[in-house]
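Structure in C-alpha cells, see below.
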Amino acid sequence: MSLMPLLPPELERDIFELAARTHRGTAVNLTLVARRVQIWIERVIYEVVSLSDRNKCSSFLRTLNTRSVQFFDEHVKALCLPYYLDMDQASRILSVCRHVNNLECWAQRGSSPFSLCSAPQLDPLSSSSPSSTPPQTVPAPLLPCPSRLSVNMRDLFHSSPPDFSLQLFANITHLRVADSWLFWSTWPSFAPIPILTHLALDFSGAGPAHIPRLAPVLVRILRIRLRPCARAGSRIRGSHC
C-alpha cells in the first residue's frame with residue numbers, strides 16, 4: 001500500500017529537484033522513489049548532458065531510440081560532445097537537442113553538420129527538370145542556435161574559414177574558439193556574429209615577434225564591441241569533455 005504524500009506536490013517537486021541539482025551524482029537514485037518523482041528528476045538529469053566517457057556516449061546514443069524527440073528538445077539545455085564522437089553521431093544528437101543554450105562540440109571525424117548549412121543544397125530532381133522553374137533547395141538541417149558555444153572551427157568547417165553568417169551563430173553571445181591563433185588570425189572577421197559580447201581565443205605559442213601579425217586582428221575584434229578573453233572559456237559545469 002502506497003502512502004499519500006504529506007507535502008503539497010509543488011513543494012515536494014521543488015525539494016526533489018533541488019536535491020537532484022545539488023547532488024547530481026545521486027540524482028538517478030531519486031528516480032526510484034516514485035513514478036511522479038522519476039518524471040521530475042529525469043528532466044533535471046537531462047538538463048546538462050556531458051558525455052565525459054565512451055560508456056556515457058554509448059548509453060546516451062541508445063537512449064535516443066527510447067525517448068521522443070520532444071523530450072530531448074525540451075529538456076537538454078547544456079551539451080558537451082567529446083572528441084571521440086564522429087560527426088555522424090554528433091549530428092544525430094544535435095538533431096534532437098535543438099534548444100541547447102550551452103554547446104561544447106569537439107567531435108572531429110566525418111562530415112560536419114554545420115558545414116552542410118554553408119550553402120543551399122539543390123534538390124537533384126528539380127534541378128534536372130527542363131522547366132524554367134528555379135530549382136528548389138533542400139532545407140538545412142535543424143540544428144541548435146545556442147547562446148554559448150565552445151568549439152574548434154577547423155573540425156566543423158574543415159579547411160574553410162568559418163561562415164559566421166550561418167544560423168548557428170545568430171544567438172551567440174559567448175564564443176570560445178579552441179583553434180590556434182595561426183588559424184583564427186587569418187579569418188576575415190567575427191563581425192557577422194550579430195550579438196557577440198564575449199570571445200575567448202587561444203594565444204598558445206604567440207610571442208612578441210607575432211604582435212605585428214596579431215595587432216590588426218585584435219583591433220578588428222575590439223571594434224565589434226565585445227569583451228575579448230585570452231584563454232578563459234565558459235565550460236559546462238561539471239564537464240570533463
Side-chain angles (χ1 to χ4, degrees), residues 49 69 72-73 76-83 85-124 126-127 134-202 217-218 220-229 233-236 241:
V49 176
V69 172
F72 299 102
D73 206 24
V76 179
K77 302 303 179 186
L79 176 63
C80 180
L81 302 178
Y83 70 91
L85 277 178
D86 60 42
M87 284 297 182
D88 290 336
Q89 293 170 318
S91 298
R92 183 184 175 202
I93 294 171
L94 290 170
S95 69
V96 299
C97 301
R98 293 170 296 184
H99 287 83
V100 167
N101 295 322
N102 190 348
L103 174 62
E104 293 188 20
C105 184
W106 310 115
Q108 296 179 346
R109 301 173 301 278
S111 178
S112 165
F114 301 105
S115 64
L116 295 178
C117 300
S118 59
Q121 302 175 43
L122 296 183
D123 184 337
S126 62
S127 60
Q136 301 297 311
T137 58
V138 177
L142 293 174
L143 297 170
C145 295
S147 59
R148 294 172 178 259
L149 176 65
S150 299
V151 72
N152 187 314
M153 296 293 181
R154 293 190 76 204
D155 292 335
L156 291 190
F157 295 94
H158 304 304
S159 59
S160 303
D163 182 356
F164 291 126
S165 66
L166 295 180
Q167 187 63 25
L168 167 67
F169 300 102
N171 296 325
I172 295 293
T173 58
H174 293 63
L175 176 63
R176 178 191 175 200
V177 176
D179 302 71
S180 165
W181 66 271
L182 293 169
F183 297 103
W184 59 254
S185 62
T186 65
W187 300 341
S189 175
F190 291 91
I193 307 178
I195 56 174
L196 184 65
T197 58
H198 293 70
L199 177 63
L201 298 170
D202 189 346
V217 180
L218 296 177
R220 291 201 302 270
I221 291 173
L222 292 172
R223 282 178 178 168
I224 61 175
R225 297 182 181 179
L226 49 74
R227 296 176 57 185
C229 311
S234 175
R235 294 185 62 80
I236 295 174
C241 290

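Sequence positions, counted from 1, serve as the residue numbers for this chain. Atom set for the values below is all heavy atoms of this structure, side chains included, hydrogens, waters and symmetry mates excluded.
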- Message: Please give me the minimum heavy-atom distance between Asp179 and Val151, naming the atom from each residue.
- Response: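 So the two residues come closest at OD1-O, 4.0 Å.
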- Determine the minimum heavy-atom distance between Thr173 and Leu196, stating which atoms define it.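 Heavy-atom minimum between the residues: O-CD1, 3.5 Å.
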- Item | CZ-CG distance between Arg98 and Asp73, expressed to the nearest 0.5 angstrom | 4.5 Å
- Tell me, do Phe169 and Pro192 make a side-chain contact under 4.5 Å, heavy atoms counted?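 Answer no - side chains too far apart.
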- Run the numbers on Val100 and Lys77 for side-chain contact (heavy atoms from CB on, under 4.5 Å), then give the verdict. CA-CA 4 Å; Val100 167; Lys77 302 303 179 186; over 6 Å; no
- Task: Return the minimal non-hydrogen interatomic distance between Phe164 and Ser189, and the atom names on each side.
- Result: CD1-O, 3.3 Å
- Query: To the nearest 0.5 Å, how far apart are CG in Leu103 and CD1 in Ile93?
  - Reply: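 If we round to the nearest 0.5 Å, Leu103:CG and Ile93:CD1 are 10.5 Å apart.
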- Item | Minimum heavy-atom distance Trp184-Val217, with the two atoms named |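 Scanning both residues, the minimum pair turns out to be CZ3-CG1, 3.7 Å.
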- Flag the pair Phe190 / Val177 as yes when at least one side-chain heavy-atom distance between them is below 4.5 Å, and no otherwise. yes
- His198 versus Leu175: any side-chain heavy-atom pair under 4.5 Å? no
- Looking at Pro161 and Pro188, what are the two nearest heavy atoms and their distance? CB-CD, 4.5 Å
- Counterpart residues, side chain to side chain donor-acceptor pair (under 3.5 Å), relative to Thr186 (two or more places apart): none
- Minimum heavy-atom distance between Ala107 and Ala90, given as atom pair plus value: CB-CB, 3.8 Å
- Task: Would you mind reporting whether His99 and Phe72 have side-chain heavy atoms less than 4.5 Å apart?
- Result: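 With C-beta onward as the side chain, the pair stays apart.
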- Enter the distance from Leu149:CG to Asn101:CG here, rounded to the nearest 0.5 Å. 12.5 Å
- Message: With a 4.5 Å cut-off on side-chain heavy atoms, are Trp106 and Asp155 touching?
- Response: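 No. Closest side-chain heavy atoms not under 4.5 Å.
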- Message: Are Leu79 and Leu94 packed together at the side-chain level, in the sense that at least one heavy-atom pair is separated by less than 4.5 angstrom?
- Response: yes
- Could you tell me the separation between the CE atom of Met87 and the SG atom of Cys105, rounded to the nearest 0.5 Å?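 Atom-to-atom, Met87:CE and Cys105:SG are 5.0 Å apart.
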- To the nearest 0.5 Å, how far apart are CD1 in Ile193 and CG in Leu166?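 Here the rounded value is 10.0 Å.
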- Gap separating the CD1 atom of Ile195 from the CD1 atom of Ile172, nearest 0.5 angstrom: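 Going from the CD1 atom of Ile195 to the CD1 atom of Ile172 covers 8.5 Å.
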